[in-house]
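Shown next, in structure tokens, is the structure this report addresses.
Starting from 1, each residue takes its place in the sequence as its number.
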Amino acid sequence: MSVTSSIADLLRSAAGIETHRFTSAIIVAAGASRRMEGAGSKQMMELEGMPVIARTLRTFNDSPHIDEIIVVAREDELDIYPRLCELYGFTKIAAVVKGGETRAESVMRGFRKISDKAKYVAIHDGARCLLTEEMLTAVWQKAHRHGAAIAATRAIDTIKLADDKGFVAETQDRNLIWQAQTPQIFAVNVYTAALYTAKENGTLDSATDDSSLVEAIRHPVKLVECGRDNLKITTPDDLVRVSGILAARRAAAAERAPKGGTKQEDAT
């Protein structure tokens with residue numbers, strides 16, 4: 001890339017004009033699903049006839065902002081993904097790799113598989129299947145502008161910080177508290193530096209999410225409000241909530257859809 005084109009891209013980004021950069025998505029679906037109380041692998045559970053992971057993959061596969069998908073899967077589920085690609089027409093899955101012992105190791109394995117062309121990487125929980133194209137686009141746009149952005153939602157409850165005995169130590173300012181979600185999207189060079197630093201410091205496996213790795217190198221991370229519907233399926237109760245949200249979305253779509261029939265038919 002020439003210096004001239006780089007400067008032009010920076011100016012377009014500063015002005016809020018989108019400039020596409022090759023973006024790889026890492027979908028993390030290697031969890032043990034221990035909190036599902038024996039109900040099985042949460043990513044393979046069916047929601048209204050479609051596996052949870054297929055709903056997640058569909059959003060990324062259909063997005064014009066995503067160029068390739070790397071799936072990090074459980075070893076006993078690796079063979080399922082070719083069938084899902086055939087069944088649902090997924091064309092962007094470039095690799096399916098076995099997950100590691102920890103989430104951090106799983107993400108690392110996925111990151112090693114992204115294309116050399118990748119300028120940005122989007123990391124997303126496979127069990128967070130209610131992500132919409134609008135949410136993904138919003139985070140992608142902010143990541144392109146700031147180098148790092150994550151989906152999140154503002155806290156609605158008062159947050160108490162406790163001491164080691166379970167007593168309130170401090171009441172946090174709710175206006176400054178956000179709950180982190182995914183996708184978390186970073187410039188590849190930023191995320192590479194964050195991974196290197198975390199490995200050198202021995203803090204990689206203790207990180208609660210990928211954003212905390214980037215925060216540790218003091219790179220600013222933009223929070224993008226994506227609402228409370230962008231939840232992660234963790235317990236059996238979450239399946240009920242997800243089904244309710246899907247039903248509400250269908251009802252809203254039906255309400256927005258144009259009414260059929262002619263004017264004369266509508267009048268009868």
Side-chain angles (χ1 to χ4, degrees), residues 28-39 42-43 45 52 56 100-108 122-132 135-136 138-139 142-143 146-186 190-191 193-195 197-246 248:
V28 187
S33 302
R34 294 185 181 91
R35 284 176 284 183
M36 290 305 293
E37 300 174 1
K42 59 190 176 185
Q43 55 266 16
M45 289 181 176
V52 167
T56 301
E101 293 297 318
T102 65
R103 186 185 186 280
E105 185 181 349
S106 292
V107 175
M108 277 284 295
I123 302 166
H124 187 67
D125 299 318
R128 206 177 288 273
C129 64
L130 293 179
L131 180 76
T132 65
M135 296 174 192
L136 176 55
V139 181
K142 294 300 183 183
H146 301 285
I150 68 171
T153 190
R154 291 182 181 273
I156 60 173
D157 297 315
T158 298
I159 305 298
K160 303 290 185 180
L161 182 66
D163 62 20
D164 58 1
K165 295 181 175 62
F167 290 92
V168 174
E170 183 182 344
T171 299
Q172 302 289 302
D173 183 351
R174 185 174 64 189
N175 294 320
L176 301 178
I177 302 295
W178 293 67
Q179 294 173 259
Q181 303 172 347
T182 64
Q184 301 189 351
I185 305 179
F186 313 102
V190 171
Y191 191 64
L195 284 177
T197 302
K199 285 190 290 185
E200 287 292 301
N201 296 340
T203 58
L204 181 60
D205 286 336
S206 61
T208 56
D209 70 348
D210 298 284
S211 176
S212 60
L213 301 178
V214 174
E215 294 160 36
I217 63 171
R218 301 194 179 280
H219 191 288
V221 179
K222 182 65 175 177
L223 293 157
V224 182
E225 176 63 70
C226 288
R228 301 182 68 79
D229 285 359
N230 185 28
L231 61 89
K232 180 182 178 182
I233 295 174
T234 305
T235 68
D237 289 344
D238 293 330
L239 292 170
V240 178
R241 295 175 60 198
V242 169
S243 294
I245 293 168
L246 288 173

>> Looking at Gln181 and Ala151, would you say the former's side chain and the latter's main chain have a donor-acceptor pair under 3.5 Å?
In response: no
> Considering residues at least two apart in sequence or located in another chain, which fulfil the side chain to side chain donor-acceptor pair (under 3.5 Å) criterion with Thr102?
Replying inline: Asp205
> Under 4.5 Å between any side-chain heavy atoms of Leu195 and Leu213, yes or no?
Replying inline: yes
>> Does any part of the side chain of Thr182, heavy atoms only, come nearer than 4.5 Å to the side chain of Val28, both counted from C-beta?
In response: no
> If you look at every heavy atom in Phe186 and Ala148, which pair is closest and at what distance?
Replying inline: CD2-CB, 3.6 Å
> If you round to the nearest 0.5 Å, how far is NZ of Lys142 from CD1 of Ile185?
Replying inline: 13.0 Å
> Between CG of Leu161 and CD1 of Ile177, what distance do you get to the nearest 0.5 Å?
Replying inline: 9.0 Å
> OG of Ser211 to CG of Leu223: how many Å apart, nearest 0.5 Å?
Replying inline: 7.5 Å
> Checking side-chain contact (heavy atoms from CB on, under 4.5 Å) for the pair Leu246/Ser243: CA distance, chi angles, key distance, verdict?
Replying inline: CA-CA 5 Å; Leu246 288 173; Ser243 294; 5.5 Å; no
> Under 4.5 Å between any side-chain heavy atoms of Arg228 and Arg241, yes or no?
Replying inline: no
>> To check you understand the geometry: which heavy-atom pair defines the closest contact between Ala29 and Gln43, and what is its length?
In response: O-NE2, 3.1 Å
> Can you check whether Gly126's main-chain N or O pairs, donor with acceptor, with Thr56's side chain at less than 3.5 Å?
Replying inline: yes
>> Tell me which one of Leu131, Ile123, Val224 satisfies side chain to side chain contact (heavy atoms under 4.5 Å, CB included) with Pro183.
In response: Leu131
> If we only count heavy atoms from C-beta on, is the Glu225 to Thr153 side-chain gap below 4.5 Å?
Replying inline: yes
> Could you give the distance from CD (Gln184) to OG (Ser212), rounded to the nearest 0.5 Å?
Replying inline: 8.0 Å
> Could you go step by step and tell me if Val107 and Tyr191 meet the side-chain contact (heavy atoms from CB on, under 4.5 Å) rule?
Replying inline: CA-CA 11 Å; Val107 175; Tyr191 191 64; 3.3 Å; yes
>> Taking Asn230's backbone N and O only, do any of them form a donor-acceptor pair with Arg128's side chain (distance below 3.5 Å, no angle check)?
In response: yes
> What residues, two or more places apart in sequence or in another chain, satisfy side chain to side chain donor-acceptor pair (under 3.5 Å) together with Thr171?
Replying inline: Lys160
>> Is there a side-chain contact between Leu204 and Met108 in this structure, where contact means two heavy atoms from C-beta onward sitting under 4.5 Å apart?
In response: yes
>> If we ignore hydrogens and angles and just use 3.5 Å, is the side chain of Arg174 paired with the main-chain N or O of Ile159 as donor and acceptor?
In response: no
> Is any side-chain heavy atom of Asp210 closer than 4.5 Å to a side-chain heavy atom of Arg103?
Replying inline: yes
>> For the CD atom of Glu215 and the CD1 atom of Ile150, what is their distance to the nearest 0.5 Å?
In response: 6.5 Å
> Does the pair Ile245 and Leu231 meet the rule for a side-chain contact (heavy atoms from CB on, under 4.5 Å), with working shown?
Replying inline: CA-CA 10 Å; Ile245 293 168; Leu231 61 89; 3.8 Å; yes
> Which heavy atom of Thr234 sits nearest a heavy atom of Lys42, and at what distance?
Replying inline: CA-NZ, 4.4 Å
> Is there a donor-acceptor pair closer than 3.5 Å between any side-chain N or O of Asp125 and the backbone N or O of Ala127?
Replying inline: no
> Roughly how far, to the nearest 0.5 Å, is the CE atom of Met45 from the CD1 atom of Ile233?
Replying inline: 8.5 Å
